[in-house]
Asks: 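Dumping the structure here so I can ask a few things about it.
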Amino acid sequence: MGENLVIVESPAKAKTIEKFLGKDFVVKSSYGHIRDLKPKDFSIDVANNFEPQYEIPADKKKLVSELKDLATKAKMVWLASDEDREGEAISWHLFQALNLKPENTKRIVFHEITKEAILHAIQNPRAIDQNLVDAQQARRVLDRIVGFEVSPILWRKVKPALSAGRVQSVAVKLIVDREREIEQFNGESWYRTISPFNVVGTDGREAVLKAELSKKFNTKEETIAFLESIKGKTFTINDIVVKPARKTPQPPFTTSTLQQEASRKLGFTVAQTMMVAQKLYESGKITYMRTDSVNLSQMAINTAKSEIISMAGERYSKSRQFTTSSKGAQEAHEAIRPTYISAHEIDGTSQEKRLYELIWKRTVASQMADAELERTTISIGFGNPDIWFAATGEVIKFDGFLKLYIESTDDEQNDDETTLIPPLKVGQNPEFVQAIATQRFSQKPYRYNEASLVRKLEELGIGRPSTYAPTISTIQQREYVLKESRPGEPREFAELTLTKNGAITEKNKIENTGQEKNKLFPTDIGSVVCDFLSDHFKNIMSYDFTAKVEEEFDIIAEGKMEWQKTIGEFYTGFHNEVVSANNERTEQKVGERILGVHPETKHQVSVKIGRFGPMVQIGTADDEDKPRFASLLKGQSINTITLEEALTLFKLPRVVGVYNGTEIKANTGRFGPYVQFAKLFVSLTKEDDPFTVSLERAIELIEKKQEAEKQKVIKTFAGDETIQVLNGRYGPYIAKERSNYKIPKGKVPADLTLEECLEIIASQPDAKPSRKAPAKATSKTKATAKAKAKTPAKAKGKPATKKES
DNA sequence: CAGTGAGCGAGCTTCCGCTTGACTT
């Protein structure tokens with residue numbers, strides 16, 4: 001066995017392809033890249049022509065040695081990674097790491113997982129394209145240089161453990177810039193007039209035509225004057241225009257469009273969408289979910305066609321092949337589609353079912369006929385040739401793809417109302433009912449949500465399908481942006497009505513405006529970092545930086561430029577910016593704002609980004625007495641906080657009262673406001689305020705928490721205080737010091753004896769500590785303890801910022 | 001989950017793109 005070894009990137013793909021190729025072929029997966037720059041090192045020898053130092057990551061060592069073993073036994077190794085820049089590099093790294101020989105190595109590519117495509121690929125092998133590999137090396141090296149030279153500047157100048165990068169920093173800039181556009185937005189208002197008219201159709205049908213005036217007025221006075229002027233006028237239908245219109249279905253899903261629609265229609269986050277899609281892919285229900293291609297295999301198009309015909313008839317079918325419009329698309333895969341279009345629905349979780357249904361409908365709809373509409377516009381005049389009322393109606397003549405799928409939009413206020421219009425004729429006199437002029441306001445620019453930010457990034461050619469979701473999560477993890485919902489505010493608007501009998505009435509009404517759901521807002525850290533980077537790294541922070549370097553990478557891929565030369569040219573200018581950003585010395589910390597002086601002590605009061613986020617400081621290091629600090633509260637910003645508000649923060653901790661002989665204090669900490677009773681901490685809820693919370697309320701919260709604590713403990717043992725049986729998030733478990741142990745099936749937690757517990761603990765020696773580090777370095781002696789040798793780079797937890805005082 | 005922070009100093013943090021696994025008590 002094993003005449004031929006085929007290596008692809010994804011294990012699910014390997015399984016499918018193995019079936020197509022028969023027993024002479026063994027198909028294995030590389031699980032993506034198998035070598036990379038070292039994760040903790042710069043790993044680029046700048047002085048030595050940017051020589052990269054690659055290594056096989058620890059978690060890939062076993063896999064690579066297995067592949068190496070198989071490769072030496074095989075007669076021919078077929079490198080079948082994706083046909084794009086990264087895929088070519090994967091093949092090259094495999095070639096090197098597995099010590100392959102050119103005479104028994106072939107590079108093959110295919111864009112779709114069908115038997116024909118695979119067999120065709122096998123018959124048309126080629127060599128590794130070194131130019132394309134070099135373009136990837138340039139991309140990799142550039143990203144490492146930017147990330148690892150700029151991030152440390154932020155650690156020094158803003159806050160530890162921050163990060164900067166070609167993709168994430170621009171993503172943050174989009175959010176920050178948009179927020180400023182919103183702040184600076186100068187809204188206008190105008191009056192829009194709508195009138196219902198009673199009409200009788202030529203067929204005798206009565207209807208109400210809702211018509212809008214062609215002119216908008218800027219002031220109330222103009223509006224009233226207009227309403228006065230149409231009192232008692234005769235209204236006449238001057239014109240009827242009937243226009244046919246078509247609607248064309250959207251192309252099938254790419255990663256980005258799937259994320260957008262799943263967000264709009266199913267309310268999924270981008271990460272959620274990708275997780276569910278991954279499940280569908282692994283169980284063979286959909287094609288690959290990280291793609292920028294809208295291409296469908298011929299097989300898929302044919303299946304869709306017969307499916308549509310049997311479902312709705314020949315007229316509804318229209319086969320189409322879409323072409324991509326997105327910048328920098330590499331199209332190594334198909335669009336996201338059901339593997340078997342004949343499967344209208346699937347088994348699985350409700351999320352899987354819903355996402356599958358969305359993919360199925362979108363795919364099938366893309367192969368359906370255009371919808372045919374008829375738009376009718378009726379113009380109603382009243383003797384003034386420059387102004388008229390217009391009513392529009394839309395009738396679907398043939399639904400086509402709309403039978404299956406209606407794409408949603410991000411427009412929150414969709415007040416496009418259309419009326420069903422009966423047959424009418426020019427010269428008819430509709431009956432005036434009333435005219436209502438309403439004050440309207442121009443719309444502020446929209447804030448991004450996760451999915452619309454992805455769409456923008458894709459439009460700018462920034463990031464790839466595999467990185468959209470991780471990028472969105474990184475900028476939130478770094479606390480550059482915050483996903484939030486806001487209730488909005490009431491806004492007054494005027495409404496003027498001209499009634500049938502000629503009276504004009506005026507009403508002031510209230511509407512809710514500025515309501516936001518799961519939108520991305522910049523934090524203080526985000527805007528400070530963004531401004532700092534924009535000041536010092538104009539090139540990298542410009543929206544077209546990626547597009548420009550992509551052009552350079554294309555030149556490398558065409559073999560017209562050495563990658564080191566391209567990187568060298570970039571590095572010269574870039575490194576100068578790094579040096580000057582580092583050397584810049586200013587009186588104030590980056591982003592610091594001086595609010596004034598303390599009314600009593602006369603010490604300076606300022607706000608800035610501290611080690612734990614935005615904070616107020618009273619006094620400076622130069623003052624005789626030590627400075628005092630306080631964190632800003634959620635919702636406060638260093639840009640807008642006043643001196644008075646800042647000083648209020650120092651009223652905490654506050655003694656709320658005495659309970660059972662002990663003081664209850666209210667304060668705000670890392671996880672928000674809380675009340676403290678002896679060693680017990682209880683978080684305050686949204687409704688509570690640490691400055692005003694009453695003793696009664698504090699006691700209520702404390703008693704509730706004490707009750708919950710009691711419920712948590714199922715059993716303790718007199719013989720060993722360190723062992724407890726507890727009730728946790730995932731059910732009962734045994735806790736000993738910092739480690740937790742699972743209770744074997746069949747045991748009743750409450751009946752466990754100390755001996756049984758010890759047995760269980762002994763039988764599970766591998767249990768990991770529940771926290772990766774001691775909770776807190778309370779004493780000086782503890783902090784020097786060396787970091788645990790374990791915990792590789794993988795640990796993605798919260799940055800455990802630690803510093804001695 | 002845990003409820004902080006002014007120093008003379010250790011060592012940590014970080015990028016983007018490929019891909020899944022994990023043992024979530």
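Within every chain, numbering begins at 1; the chains are lettered A, B, ... in the order of the sequence lines, protein sequences first and strands thereafter. Reckoned from all heavy atoms, side chains included, excluding hydrogens, waters and symmetry mates.
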Asks: Is A:Arg85 close enough to B:dC18 that one of its side-chain N or O atoms is under 4.0 Å from OP1 or OP2 there?
Replies: no
Asks: Could you please name the option among B:dT19, B:dT14, B:dT20 that lies closest to any side-chain atom of A:Met289?
Replies: B:dT20
Asks: Would you indicate what A:Ser151 reaches in the nucleic acid, counting non-hydrogen atoms under 4.0 angstrom: base, sugar-phosphate, or nothing?
Replies: base
Asks: Please pick, from B:dT13, B:dG17, B:dT4, the nucleotide with the shortest atom-to-atom distance to any side-chain atom of A:Pro160.
Replies: B:dT13
Asks: Taking the P atom of each, how far is B:dC1 from B:dT24, in whole Å?
Replies: 15 Å
Asks: Using 0.5 Å steps for rounding, measure from the CZ atom of A:Phe629 to the CZ atom of A:Arg611.
Replies: 8.5 Å
Asks: Does a side-chain N or O of A:Arg35 approach OP1 or OP2 of B:dG17 to a distance below 4.0 Å, or not?
Replies: no
Asks: Could you give the NZ-to-P distance, from A:Lys705 to B:dA2, as a whole number of Å?
Replies: 11 Å
Asks: Which part of the nucleic acid does A:Gln168 contact within heavy-atom distance under 4.0 Å: base, sugar-phosphate only, or nothing?
Replies: sugar-phosphate
Asks: With the stacking rule set at 5.5 Å and 30°, tell me whether A:Trp155 counts as stacking on B:dT13.
Replies: yes
Asks: How far does the C1' atom of B:dT25 sit from the matching atom of B:dG3, given to the nearest Å?
Replies: 25 Å
Asks: Report which part of the nucleic acid A:Val146 touches: base, sugar-phosphate, or nothing (heavy-atom distance under 4.0 Å, all strands).
Replies: nothing
Asks: Name the closest nucleotide to the A:Arg670 side chain, picking from B:dG3, B:dT13, B:dG21.
Replies: B:dG3
Asks: Identify whether any heavy atom of A:Ser81 sits under 4.0 Å from a base atom; if not, whether one sits that close to sugar-phosphate; answer base, sugar-phosphate or nothing.
Replies: nothing
Asks: Tell me what A:Tyr468 touches on the nucleic acid: a base, only sugar-phosphate, or nothing, going by heavy atoms under 4.0 Å.
Replies: nothing
Asks: Roughly how far, to the nearest 0.5 Å, is the OG atom of A:Ser10 from the CD atom of A:Gln278?
Replies: 8.0 Å
Asks: Indicate, with a heavy-atom threshold strictly under 4.0 Å, whether A:Gly463 touches base, sugar-phosphate, or nothing.
Replies: sugar-phosphate
Asks: Tell me what A:Pro11 touches on the nucleic acid: a base, only sugar-phosphate, or nothing, going by heavy atoms under 4.0 Å.
Replies: sugar-phosphate
Asks: To check you understand the geometry: which heavy-atom pair defines the closest contact between A:Glu9 and A:Ser29, and what is its length?
Replies: O-OG, 3.0 Å
Asks: Has A:Arg290 got a side-chain N or O lying under 4.0 Å from the OP1 or OP2 atom of B:dT19?
Replies: yes
Asks: I'd like to know if A:Arg464 reaches the base of B:dC18 with its side chain, counting only an N/O donor and acceptor under 3.5 Å.
Replies: no
Asks: Please find the pair of heavy atoms, one from A:Arg144 and one from A:Phe42, that lie closest to each other, and give the distance.
Replies: NH1-O, 3.3 Å
Asks: Check every atom of B:dA2, B:dC16, B:dT4 against the side chain of A:Arg140 and return the nucleotide holding the closest atom.
Replies: B:dC16
Asks: Just call it for A:Leu142: base, sugar-phosphate, or nothing, with non-hydrogen atoms closer than 4.0 Å on any strand.
Replies: nothing
Asks: Base, sugar-phosphate, or nothing for A:Tyr288, non-hydrogen atoms under 4.0 angstrom?
Replies: sugar-phosphate
Asks: How is A:Ala89 classified with respect to the nucleic acid when contacts are heavy atoms under 4.0 Å: base, sugar-phosphate, or nothing?
Replies: nothing
Asks: Please classify the nucleic acid contact of A:Thr467 as base, sugar-phosphate, or nothing, using heavy-atom distances under 4.0 Å.
Replies: base
Asks: Counting only side-chain nitrogens and oxygens, does A:Lys60 get under 4.0 Å of the OP1 or OP2 atom of B:dT19?
Replies: no
Asks: Quick one: is A:Ser10 getting a side-chain N or O under 4.0 Å of the B:dT20 phosphate, OP1 or OP2?
Replies: yes
Asks: Any N or O donor-acceptor pair linking the side chain of A:Ser631 to the base of B:dG5 at under 3.5 Å?
Replies: yes
Asks: Hey, is the side chain of A:Arg478 poking within less than 4.0 Å of OP1 or OP2 on B:dT14, counting only N and O atoms?
Replies: yes
Asks: Would you tell me if any nitrogen or oxygen in the side chain of A:Gln278 comes within less than 4.0 Å of OP1 or OP2 on B:dT20?
Replies: yes
Asks: Compute the ring centroids of A:Tyr571 and A:Phe50, then answer whether they are less than 6.0 Å apart.
Replies: yes
Asks: Base, sugar-phosphate, or nothing for A:Gly32, non-hydrogen atoms under 4.0 angstrom?
Replies: base
Asks: Is the NZ atom of A:Lys589 crowded by more than 12 outside heavy atoms at less than 6.0 Å?
Replies: yes
Asks: Could you work out which one of B:dG17, B:dC12, B:dG3 sits closest to the side chain of A:His33?
Replies: B:dG17
